[in-house]
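Order of the sequence lines fixes the chain letters, A, B, ..., with proteins taken first and strands second; residue numbering starts at 1 for each chain. Note: hydrogens, waters and symmetry copies are ignored here, and every other heavy atom, side chains too, is used. Here the structure is a predicted model, which means the values were calculated and not measured.
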Amino acid sequence: MSDRIVTRFAPSPTGFLHIGGARTALFNWLYARRTGGTMLLRIEDTDRERSTEPAIEAILDGLRWLGLDWDGDVVFQYARAARHREAAESLLASGRAYRCFATPQELEEMRDTARREGRAPRYDGRWRDRDPAEAPAGVKPVIRLRARQEGETAVEDGVQGRVTWQNKDLDDLVLLRSDGNPTYMLAVVVDDHDMAITDVIRGDDHLTNAARQTQIYDAFGWSAPRFAHIPLIHGPDGAKLSKRHGALGIEAYRDLGYLPAALRNYLVRLGWSHGDQEIFSDEEMVAAFDLGSVGRSAARFDFAKLENLNGHYMRAASDEELVDRIEGLLPVLGPSRGLGTTFPAVVRARLLVAMPGLKERAKTLVDLLDSAYYLWAPGPLALDAKAASLVDDAARDRLAALRPRLDAVAWEPAAIEAAVRGFADEVGAKLGQVAQPLRASLTGRATSPGLFDVMVVLGRDESLARIDAQAGRPVIAASQPVA
RNA sequence: GCGCCCAUCGUCUAGCGGUCCAGGACGUCGCCCUUUCACGGCGAAAACACGGGUUCGAUUCCCGUUGGGCGCGCCA
């Protein structure tokens, strides 16, 4: 195989880019990049009723967000309808296709009776050898493939291996609709051929189509591309992915706070493996990817593992990138949290400083944003239930007693820590008895990043003001709302 | 109904006839670290769907059963 690899991702714009489509795109991309080949993008919009402009945008945006780039211009299938028609006509001329005058109602009845009698609901070939002169008036015909009825059709699949069908089990599919528009079957074959696609990598719901398409390639006298049908992704319950579980558009994963790199890593390991390796940089997955190691059974989508991976990639990401990413999410997350669509400079600066401690504890960007609440919370700080229970009378007394010491200490982690530890020793308290009320006063939560780092990020004035607010003393320095 | 595909811990998977009383990861549960929560470290429980073959020997090969999935449109 010394020819240059050309793959394609060919979604139909009838909805957003779902997770299965994203993985198909990823596999095509990896396979092309691996071999130094190209990946083309074709929008299969021949269904004029259901194809929409917003869906096209959503798919393109989704691919860009995921970091999957394609080569050349996007091909719109419907724009090639004339070429498809011409191809169908050529088959008519060569006798490999024929006109069928059966009406939709007629076909429906045909399928109904077949089902009722326990036969496969297929077209019975009633116009295959009938004289078109007998055509009923007023019926616009479709063009059907004159498929071979004897023998078998085999597909050598890169993932599934050799799969064969008896031709008698395949019927004469429609190539051109009565309105003159091509069907999916015709359009894919003609386009893949014209675009010189060498490898068709798609979901295994298309496996049977590969057989029918092979018949069409034969009719044209063209050689078929290599096929690779990858298993589908199922929901956590093993059933087909539906809106109920993971069948969210790729943008939903973005809004849930997942990183593109984490999603790529999660997706590539769903159905594919490389020994015991779990973490793959883009370079590593491109270098290691191969179709032969793709499994043949469907995989269930597992959010827990995605979260774990996301945590890994967040910890590895730079503080700047993380701040930028959560800011990018503000338009969707901000409003419900009393935040605008961008971070005020003060908040941004605090976030940057606090990020090392924050990112260690978050699984998603949403967690990250929420865990940073104390950085911009307006005073007086509201404590959540757990935090409030930490601040009892004894705690209040300790906070009040500790307060003057903090006022005097140099405002850097080690010095603050020494002061707090020294204070705990003196009053005979465990560090936790001082630290937890302190944490609650400063962050409003029972958990947070390292206490002394939090205090430094907040600054002396703000820290003392928050302590005073809980210790029951007059508020000396005003708590400054920053958002 | 017909055709095709699939079947290892709860989940993703390694395994391509003996190295497997089955390995890794996520999750779960302990312990350690520790001002909290995470992170990190250590450890534990947890699987070859079932039945027949083939073979000196099957998780690995074949057949069947069961279970699951996909397809059977003038949708893609």
For this session: With heavy atoms under 4.0 Å as the rule, sort A:T46 into base, sugar-phosphate or nothing.
Result: sugar-phosphate

Exercise. Between B:U35, B:A76, B:G10, which nucleotide has the shortest distance from any of its atoms to the side chain of A:D302?
Worked result: B:G10

Seminar exercise, completed: A:F227 atom CZ is separated from B:G71 atom P, nearest whole Å, by 17 Å

Exercise. Think A:R296 has a side-chain N or O under 4.0 angstrom from the OP1 or OP2 of B:G69?
Worked result: no

Exercise. Base, sugar-phosphate alone, or nothing: which one does A:H206 contact when heavy atoms must sit under 4.0 Å apart?
Worked result: base

For this session: Please check the phosphate of B:C39 (OP1 and OP2 only) for any side-chain N or O of A:K363 closer than 4.0 Å.
Result: yes

Problem set entry | Pairwise distance CG(A:L406) to CE(A:M455) - rounded to 0.5 angstrom | 4.5 Å

Exercise. In terms of side-chain heavy atoms of A:R111, which of B:C5, B:G3, B:G73 is nearest?
Worked result: B:G73

For this session: Please tell me which of the listed nucleotides, B:G24, B:U36, B:A7, lies nearest to the side chain of A:S448?
Result: B:U36

For this session: May I have the distance from A:D276 (atom CG) to B:C12 (atom P), rounded to whole angstrom?
Result: 17 Å

Exercise. 5'-most contact on RNA chain B: A:G450 or A:Y266, nearest heavy atom basis?
Worked result: A:Y266

For this session: Identify whether any heavy atom of A:L207 sits under 4.0 Å from a base atom; if not, whether one sits that close to sugar-phosphate; answer base, sugar-phosphate or nothing.
Result: sugar-phosphate

Exercise. For B:C37, which nucleotide in any strand shown is its Watson-Crick or wobble partner with both distances under 3.5 Å?
Worked result: none

Exercise. When the P atoms of B:U59 and B:C48 are considered, how many whole Å apart are they?
Worked result: 11 Å

Problem set entry | A:H84 and A:D191: side chain donor to acceptor below 3.5 Å | yes

Exercise. When the C1' atoms of B:C20 and B:A14 are considered, how many whole Å apart are they?
Worked result: 12 Å

Exercise. Does B:A44 pair with anything, Watson-Crick or G-U wobble, both distances under 3.5 Å, and if so, with which nucleotide?
Worked result: B:U28

For this session: Looking at every strand, decide which applies to A:Q160 at a 4.0 Å heavy-atom threshold: base, sugar-phosphate, or nothing.
Result: sugar-phosphate

For this session: Over 60° means perpendicular and under 30° means parallel, so classify the ring planes of A:W376 and A:Y373, tilted if in between.
Result: perpendicular

For this session: Both distances under 3.5 Å, Watson-Crick or G-U wobble: report the partner of B:G67, or none.
Result: B:C6

Problem set entry | Selection from B:C6, B:U36, B:C74 that lies nearest to any side-chain heavy atom of A:Q436 | B:U36

For this session: Provide, to the nearest angstrom, the distance between the CD1 atom belonging to A:I230 and the C1' atom belonging to B:C5.
Result: 14 Å

Exercise. To the nearest Å, how far apart are A:R361 CZ and B:U35 P?
Worked result: 13 Å

Exercise. Distance from A:L309 atom CG to A:K363 atom NZ, nearest 0.5 Å?
Worked result: 10.5 Å

Problem set entry | Whole-angstrom distance between B:U65 and B:C21, as gauged at atom C1' | 28 Å

Exercise. Which listed nucleotide (B:U35, B:C74, B:C72) is nearest to the side chain of A:S178?
Worked result: B:C74

Exercise. What is the nucleic acid contact for A:L438, judged by heavy atoms within less than 4.0 Å: base, sugar-phosphate only, or nothing?
Worked result: nothing

Problem set entry | A:E134 CD: over 12 foreign heavy atoms closer than 6.0 Å | yes

For this session: Check every atom of B:U35, B:C2, B:A76 against the side chain of A:T183 and return the nucleotide holding the closest atom.
Result: B:A76

For this session: If the plane angle is over 60° it's perpendicular, under 30° parallel, otherwise tilted; pick one for A:F303 and A:Y258.
Result: tilted

Exercise. Reckon A:T447 touches a base, only the sugar-phosphate, or nothing at all at heavy-atom distances under 4.0 Å?
Worked result: base

Problem set entry | Phosphate contact (B:G40 OP1 or OP2) by A:R315 side-chain N/O below 4.0 Å | yes

Problem set entry | A:A362 vs A:D179, nearer the 5' end of RNA chain B by closest nucleotide | A:A362

For this session: Could you work out the separation of B:C6 and B:A45 based on their P atoms and round it to a whole Å?
Result: 34 Å

For this session: For nucleotides B:A22 and B:A46, find the distance between their C1' atoms and express it as a whole number of Å.
Result: 13 Å

Exercise. Considering only the P atoms, how many Å lie between B:U36 and B:G43, rounded to the nearest integer?
Worked result: 24 Å

For this session: Using a heavy-atom cut-off of under 4.0 Å over every strand shown, decide if A:V174 touches base, sugar-phosphate, or nothing.
Result: sugar-phosphate

Exercise. To the nearest angstrom, how far is A:D453 atom CG from B:C37 atom C1'?
Worked result: 14 Å

For this session: Report which part of the nucleic acid A:E360 touches: base, sugar-phosphate, or nothing (heavy-atom distance under 4.0 Å, all strands).
Result: base

Exercise. How long is the line joining CZ of A:F301 and P of B:U13, in whole Å?
Worked result: 13 Å

Problem set entry | Nucleotide nearest A:A304 when distance is taken to its side chain, options B:C26, B:A76, B:C72 | B:C26

Problem set entry | A:Y253-A:F301 aromatic ring centre distance below 6.0 Å | yes

Exercise. Regarding A:R212 and A:Q215, is there a side-chain donor-to-acceptor distance under 3.5 Å anywhere?
Worked result: no

Problem set entry | Partner nucleotide of B:C72 by Watson-Crick or wobble geometry (both distances under 3.5 Å) | B:G1

For this session: Indicate whether OP1 or OP2 belonging to B:A14 is found under 4.0 Å from a side-chain N or O atom of A:S273.
Result: yes

Problem set entry | Touch class at under 4.0 angstrom, heavy-atom based, for A:A102 against every strand present | base

Problem set entry | Separation between the P atoms of B:U54 and B:C62, rounded to whole Å | 15 Å

For this session: Would you mind reading off the distance between A:I233 atom CD1 and B:U11 atom P, rounded to a whole angstrom?
Result: 16 Å

For this session: Run the salt-bridge test on A:D172 and A:R146 with the 4.0 Å N-O cut-off and return the result as yes or no.
Result: no

Exercise. Which part of the nucleic acid does A:T14 contact within heavy-atom distance under 4.0 Å: base, sugar-phosphate only, or nothing?
Worked result: nothing

Problem set entry | Sugar-phosphate only, base, or nothing, as touched by A:R42 at under 4.0 Å among non-hydrogen atoms | nothing

For this session: Record whether the side chain of A:N209 comes under 3.5 Å of the base of B:A76 through a donor-acceptor pair of N or O atoms.
Result: yes

Exercise. Between A:R445 and B:C37, is there a side-chain N or O to OP1/OP2 distance below 4.0 Å?
Worked result: no

Problem set entry | For atom CZ of A:R439 and atom P of B:U35, their distance in whole Å | 10 Å

Problem set entry | Minimum-distance nucleotide to A:H234 side chain [options: B:C74, B:U35, B:G69] | B:G69

Exercise. For B:A14, what is the paired nucleotide under Watson-Crick or G-U wobble rules, both distances under 3.5 Å?
Worked result: none

Problem set entry | Residues, nucleotides or ligands: over 12 heavy atoms within 6.0 Å of A:R148 CZ | no

Seminar exercise, completed: Looking only at B:G24, B:G27, B:G3, the nucleotide nearest the A:N308 side chain is B:G27

Problem set entry | Euclidean distance for P, B:G27 against B:G40 (whole angstrom) | 9 Å

Exercise. Just to confirm, is there a sub-4.0 Å distance from OP1 or OP2 of B:C5 to any side-chain nitrogen or oxygen of A:T208?
Worked result: no

